[in-house]
Amino acid sequence: MDTQRLAELLFPQITKTPADIEAEFPPRALPEGAKVTRFAPSPTGFVHFGGLFPTTVAERLAHQSGGVLYLRIEDTDAKREVPGAAEALIRTLSVYGVNFDEGAILGEDGAICDRGAYGPYKQSLRGPIYQTFAKQLVREGKAYPCFTTEEELEELHQVNKKEELKNTDWEAQAEARRAEMLRRRAITMEEVEAHLAAGDPFVLRILADGAPDKKIRFTDLVKGNMEIPENDEDFVLLKSDGIPTYHFAHAVDDHLMGTTHVIRGEEWLPSLAKHLQLFRYLGFKTPKYMHIAQIMRLDEEGNKKKLSKRDMGANMDDYTRLGYCPEAVCEYVMTLLNSNYEEWRMQNPDKSYRDFPFNIKKMSVSGCLFDFQKLNDVSKNVISKMDAKTVAERVTAWALEFDPDFGKCLAKDASFAEAIFAIGRGGKKPRKDLATWADAKPYMGFFYDEFFAPECDYAEQYDRADIHAILTAFCEQYDENDDMNAWFEKIKAIGQELGYTPDMKAYKADPAAFRGSVADVSMFIRLAVTGKLNAPDLYSVMQILGKQKVLDRIHAMLSAMN
RNA sequence: GGCCCGUUGGUCAAGCGGCUAAGACACCGCCCUUUCACGGCGGUAACGGGAGUUCGAUUCUCCCACGGGUCACCA
């Protein structure tokens, strides 16, 4: 077959050569060791937690090494494309600290535009570039056109659609494919001309030179050394619309754009042989690869499964809605990404995670289970370090969107809200009771009459008359200007008169010797004032609430008891 | 089913031929404490199984089991 002629027949419109293209994409001038990484999403949906993972690695590696992080949109599948998805992707990533130096970025008008010298960064706009390399491959006899229609292929792969495939089906299918491949390869120039004359669409397939029983030795930066079988499948390079498949676009773009490290999920490992083959065919230097373990979830049977779109915690918007702050999510991601991160964090409690020396060697090879409990713990620590003003503002902002009734209460008086969140904040041992912004209402909602709802009654064992007497006495003696000590001394004294000891040690040693303790007295008052058995420091609560409201609530309790 | 990857406590994990097998989360107990939270102390809990290499295997090799991923004109 005259491959030179075939190339011209197939791609008459392509006049450039690969060398011309190469000249348009000169190597990057970067310092030694600088890494060029990328995020290359297909605009088919939202950002997935599993996607944030490799992306964070790419971001850290690039920016930590003085390199470049760029974004390339892999919109090679028009059928699946979701309008606006790319824009949303970029915005979400930005929230989680991933910002791009180059590529398809968001302009001031909110639309996507290119920045950088290696564009266009949308693959759908790079058709001629791919075709130039495709033409070259045809010329060299490394690729050929295939006129098999989608329907025919469908028929061939029909068995594949069924979940419960039997052994024999797989074998039969593989056999059928091999036969089909040979048939396709045997296409003659006459047949090609006839098809072309008839206007038949075709795909361009690679002419695979691999033997599956031969292995390629390969080193993945995360997975280490491995042996993978050579590729013998004539996979598609260009689809019938002239747009490349992922495999082809990956090789061409990552080469031209100067990617040094390809960071992606381990689900790509099985097609690695294809990529290696392509880089070799095209004469490109292969980048370094990092295949990152997947995040898993537990299914009904208790087995691990890849975290999928529909799972709670997959969509990054879930975290926003649940009230997790991005800093906490990033922090959690870092703990999963590098096993020594938590240790570093303990030694550097106030540094940004960006100061952490990210280390590829400290990455896990196996997939981990998503753990909300751990996220919550991480989040509590993150929030406990924020000042009251920040917490108040962010809780308010969150509530305004997801819990408007509560949000409006908070927004009404910002300094009041700030005072609420200042309780127990700061100092060496700050309260850690907020894992999410949504936790604020159950903890602090009682400050607002709208959400003040005494949630339980006094336990049976307490004498109603005692409670009544204590509350009444407290009302009589309460002085807003007392300091905490004086305030508490009064409470102790009130209790003691009725046989409620202020000496907790004595009480614990022999509870039967007393009617109760000052803990019980405090509880009576706390329940009346906050409506809850558990609340932040009662003295602070009263100071913030103000004398009138404190007395009102206690009086309300008193009359409710009658 | 083929191929590839993986397997240390409930979870995340350190370990890289010799250790009483770290640490964190969760859980339990104690202490601190007017409740809760915080903090402190302590506890329960692990090398999937079998061969081999070796004086010695969690660590190296092989086999098995289990789990995951993948087998498109999707990425």
Side-chain angles (χ1 to χ4, degrees), chain A residues 40-44 74-77 79-80 146 148-150 153-154 157 160 165-171 173-174 177 201-205 212 220 223-224 226-229 233 235-241 243-247 249-250 264-273 291 293-294 296 298 303-306 332 335-336 339-343 345-346 362 364-378 380 384 423-424 427-434 443 488 491-492 495 502 504 517-523 525-527 530 532-539:
Chain A
S42 65
T44 52
E74 311 228 320
D75 56 343
T76 54
D77 186 3
K79 287 190 287 289
R80 297 202 314 157
C146 168
T148 312
T149 66
E150 283 189 71
L153 278 175
E154 189 82 11
H157 293 176
N160 204 358
L165 266 184
K166 301 205 177 61
N167 312 352
T168 48
D169 292 336
W170 282 104
E171 281 165 25
Q173 189 183 319
R177 262 202 269 214
F202 66 92
V203 301
L204 194 75
R205 287 180 184 275
D220 183 274
K223 297 272 182 185
M226 61 181 85
E227 286 195 338
I228 52 175
E233 183 193 332
F235 62 93
V236 173
L237 262 21
L238 291 179
K239 300 184 250 188
S240 52
D241 57 5
I243 301 292
T245 56
Y246 170 84
H247 309 300
H250 156 51
R264 38 145 77 152
E266 65 181 343
E267 70 270 23
W268 287 107
L269 231 28
S271 46
L272 183 61
H291 289 93
Q294 299 277 329
M296 314 296 262
L298 244 32
N303 288 324
K304 286 183 179 180
K305 282 274 160 348
K306 182 165 114 177
Y332 176 53
T335 67
L336 292 180
S339 56
N340 56 333
Y341 182 76
E342 283 188 275
E343 192 189 345
R345 173 51 81 206
M346 276 188 269
K362 291 290 182 181
S364 177
V365 268
S366 51
C368 63
L369 232 36
F370 186 92
D371 186 357
F372 265 105
Q373 281 185 321
K374 184 71 183 182
L375 204 213
N376 284 343
D377 179 68
V378 167
K380 281 182 184 178
S384 75
I423 301 176
K428 279 216 165 100
K429 296 193 289 184
R431 291 183 70 84
K432 295 182 181 177
D433 41 16
L434 257 43
Y443 283 126
F488 195 49
I491 291 178
K492 284 182 183 170
M504 287 307 291
S517 73
V518 68
D520 297 314
V521 177
S522 298
M523 189 265 282
I525 303 171
R526 180 177 304 107
L527 190 53
T530 69
K532 297 157 65 69
L533 249 18
N534 307 327
D537 176 63
L538 193 51
Y539 175 77

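Protein chains get the first letters and strands the later ones, always in sequence-line order, with residue 1 at the start of each. Computed from a prediction, not measured in an experiment: that's the story for all the values here.
- The phosphate of B/G39 has OP1 or OP2 within less than 4.0 Å of a side-chain N or O from A/Lys432.
- Among B/C71, B/C3, B/A13, the nucleotide with an atom closest to any side-chain atom of A/Arg177 is B/C71.
- The NZ-P distance, from A/Lys304 to B/C66, rounds to 17 Å in whole Å.
- A donor and an acceptor atom sit less than 3.5 Å apart, one in the side chain of A/Arg431 and one in the base of B/C36.
- Among the heavy atoms of the strands lying under 4.0 Å from A/Val236 are primed sugar atoms or P, OP1, OP2 only; no base atom is included.
- Listed nucleotides B/C4, B/U34, B/C73 differ in distance to A/Met226; the shortest reach to its side chain belongs to B/C4.
- The P atoms of B/U44 and B/G52 are separated by 34 Å, rounded to the nearest whole Å.
- Across B/U59 and B/G48, the matching C1' atoms stand 16 Å from one another, rounded to whole Å.
- Closest to the side chain of A/Val203, out of B/C73, B/U11, B/C12, is B/C73.
- One can place CD of A/Glu343 at 11 Å from P of B/A14, the figure rounded to the nearest angstrom.
- In terms of phosphate contacts, A/Thr335 brings no side-chain nitrogen or oxygen within less than 4.0 Å of OP1 or OP2 of B/A13.
- Across all strands shown, A/Phe235 has no heavy atoms under 4.0 Å from either base or sugar-phosphate atoms.
- Using a 4.0 Å heavy-atom cutoff across all strands shown, A/Arg345 reaches no nucleic acid atom at all.
- The distance from atom CG of A/Asp220 to atom P of B/C5 is 10 Å, rounded to the nearest whole Å.
- Among the protein residues, A/Ser42 comes within range of the sugar-phosphate backbone only, with heavy atoms under 4.0 Å from sugar or phosphate atoms but none that close to a base.
- Between B/U7, B/U34, B/A26, one nucleotide has an atom nearer to the side chain of A/Val518 than all others, and that is B/U34.
- Here the separation of B/G18 from B/U54, taken at their C1' atoms, is 12 Å to the nearest Å.
- For the C1' atom pair drawn from B/U20 and B/C47, the interatomic distance equals 16 Å after rounding to whole Å.
- At the phosphate of B/U70, OP1 or OP2 sits under 4.0 Å from a side-chain N or O atom of A/Lys306.
- Among the protein residues, A/Glu227 comes within range of the sugar-phosphate backbone only, with heavy atoms under 4.0 Å from sugar or phosphate atoms but none that close to a base.
- Ring pair A/His247/A/Trp268 is perpendicular by interplanar angle, where above 60° counts as perpendicular and below 30° as parallel.
- Separating the CG atom of A/Leu369 from the C1' atom of B/A26 is a distance of 13 Å, rounded to the nearest angstrom.
- Ring to ring, A/Tyr332 and A/Phe370 are close: their centroids are under 6.0 angstrom apart.
- Taking atom P on both nucleotides, B/G10 is separated from B/A45 by 11 Å, rounded to a whole Å.
- A/Asp241 comes within 4.0 angstrom of no nucleic acid atom, judged by non-hydrogen atoms across all strands.
- Of the candidate nucleotides B/G23, B/A13, B/U70, B/U70 has the atom nearest to the side chain of A/Pro270.
- B/A46 and B/C25: their C1' atoms are spaced 16 Å apart (whole Å).
- Using a 4.0 Å heavy-atom cutoff across all strands shown, A/Lys428 reaches no nucleic acid atom at all.
- Of the P atoms belonging to B/A22 and B/C16, the separation is 13 Å, rounded to the nearest Å.
- For the pair A/Leu272 CG and B/G69 C1', the interatomic distance rounds to 14 Å; values are reported in whole Å.
- Atom-to-atom, OH of A/Tyr341 to C1' of B/C12 comes out at 15 Å; the value is rounded to the nearest Å.
- Taking only side-chain atoms of A/Val365, from C-beta outward, the nucleotide of B/G6, B/U35, B/C25 with the closest atom is B/G6.
- For A/Thr245 against B/C73, no side-chain N or O and base N or O form a donor-acceptor pair under 3.5 Å.
- Separation of the C1' atoms belonging to B/A57 and B/G15 is 13 Å when rounded to the nearest angstrom.
- The distance from atom NE2 of A/His291 to atom P of B/C5 is 12 Å, rounded to the nearest whole Å.
- Distance, A/Phe372 CZ to B/C12 C1': 15 Å, rounded to whole Å.
- The nucleotide whose nearest atom lies closest to any side-chain atom of A/Asp371 is, among B/U11, B/C4, B/A75, B/U11.
- When the nucleotides B/A26, B/G6, B/A75 are ranked by their closest atom to the side chain of A/Asp377, B/A26 comes out on top.
- Within the nucleic acid shown, A/Lys305 comes within 4.0 Å of sugar-phosphate atoms alone, with no base atom in reach, counting heavy atoms only.
- A sub-4.0 Å separation between OP1 or OP2 of B/A75 and a side-chain N or O of A/Thr76 is present.
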